[in-house]
Protein chains: 2
Amino acid sequence: MNLAKIQAVIARRFDKLSMHGIGFNDFLILYLLQQSPGEKLRRADLSEKVGLTASGITRMLLPMEKMGLIKREAHEWDARVSYVVLTAAGRQIYEDAKYTANAIAKEIIPVENLKNNQPVAELFKLLGGTIV
Amino acid sequence: MNLAKIQAVIARRFDKLSMHGIGFNDFLILYLLQQSPGEKLRRADLSEKVGLTASGITRMLLPMEKMGLIKREAHEWDARVSYVVLTAAGRQIYEDAKYTANAIAKEIIPVENLKNNQPVAELFKLLGGTIV
DNA sequence: GCATAATCATTGATTAGTCAAGTATATGTC
DNA sequence: GACATATACTTGACTAATCAATGATTATGC
């Protein structure tokens, strides 16, 4: 009864991100948005990527929206979907936080797995299949 | 963001335990008690074993106590500690649920790891280091 | 073209857990 | 033997998530 521990331990390492005013989950969202075409994702897709339910996503994004890290955008023709879009402020925070996050990820990932110079990407990929 | 998924997936498989009126966590508690000397454990030790905080344990055990699966027992000389003891009813439920749980565990564990004929024990041991 | 079904997002109610503080008891030191 | 500190547990306040229900919109079958 607690695999969540692993996730908690990793997430805790990322507590340093608070120096940028965001947490692990926020960073993950920004990361996913930033690497998506148009820096946007449908809420349904986002929920699928992070492994939360739709309502979980709604609730997780609320404060990020208030902070101005992300904003809403309507789908071109499907009125049911609402895109989550990275704002300029969000992109800026992400760019700043990236360095911190990479440093943390470098402490976690075994060096031999560090092929390209993108520790966070590698970490998320490693956890990937199961996590992100 | 979700290693908890693994745990959730496994726990969900154990939903069948509801036919015995208990859930995965309840079964885990019963399991741990049943294999402890005197069928009892200090709350602190239990919390350590399942990876919850002390308060988490207090809250998890409350309904089980109401259902009469477990009961309290004072420590012989240390008035701070309170043992969690398996009741006769609890043992009975455990014995019944064990068969269901073993069947489920057998579906999850790779056959080559099934040495002795105690799938649940093996499963918990496999998850062990990190989980139980 | 209309009825029915499916999809997307939000909301209220609930659950499972955390942390911080509090209570009670034990232990070590002087 | 009294005080400081540590340990065991409980409680209140809070957080993060779930589910079930709902509203809105789009897709499908006939």
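Protein chains get the first letters and strands the later ones, always in sequence-line order, with residue 1 at the start of each. Computed from a predicted model, the values in this text were never measured in an experiment.
- A sub-4.0 Å separation between OP1 or OP2 of C/dA9 and a side-chain N or O of A/Thr58 is absent.
- Out of C/dA20, D/dT25, C/dC8, the shortest distance to the side chain of A/Arg42 is found at C/dC8.
- When the nucleotides D/dA8, C/dG17, C/dT11 are ranked by their closest atom to the side chain of A/Ser55, C/dT11 comes out on top.
- Closest approach to the B/Ser82 side chain among D/dC9, C/dA9, C/dT10 is made by D/dC9 (side chain taken as heavy atoms from C-beta onward).
- Of the listed residues (A/Thr100, A/Asp96, A/Asp26), just one forms a side-chain hydrogen bond (donor to acceptor under 3.5 Å, both in side chains) with A/His20, and that residue is A/Thr100.
- Side-chain proximity of A/Arg80 to D/dA8, D/dT18, C/dT7: nearest is C/dT7.
- Among the protein residues, B/Ala44 comes within range of the sugar-phosphate backbone only, with heavy atoms under 4.0 Å from sugar or phosphate atoms but none that close to a base.
- Taking atom CG of A/Asp45 as the reference point, atom C1' of C/dT7 lies 12 Å away to the nearest angstrom.
- Between the P atom of C/dT10 and the CD atom of A/Glu65 lies a distance of 8 Å, rounded to the nearest Å.
- The separation between A/Leu52 atom CG and D/dT18 atom P is 5 Å, rounded to whole Å.
- Between A/Asp78 atom CG and D/dG23 atom P the separation is 20 Å, expressed in whole Å.
- Separating the CG atom of A/Leu61 from the P atom of C/dT10 is a distance of 8 Å, rounded to the nearest angstrom.
- Out of D/dC9, C/dG17, C/dA9, the shortest distance to the side chain of B/Arg59 is found at C/dG17.
- By the 30° and 60° cut-offs, the orientation of the rings of B/Tyr31 relative to B/Phe27 is parallel.
- Taking 4.0 angstrom as the limit, A/Arg72 places none of its side-chain polar atoms (N or O) nearer than this to OP1 or OP2 of C/dC8.
- A/Thr87 places no side-chain N or O within 3.5 Å of a backbone atom of A/Lys71 that could act as its donor or acceptor partner.
- Taking the side chain as every heavy atom from C-beta outward, B/Tyr83 and B/Arg42 approach each other to under 4.5 Å.
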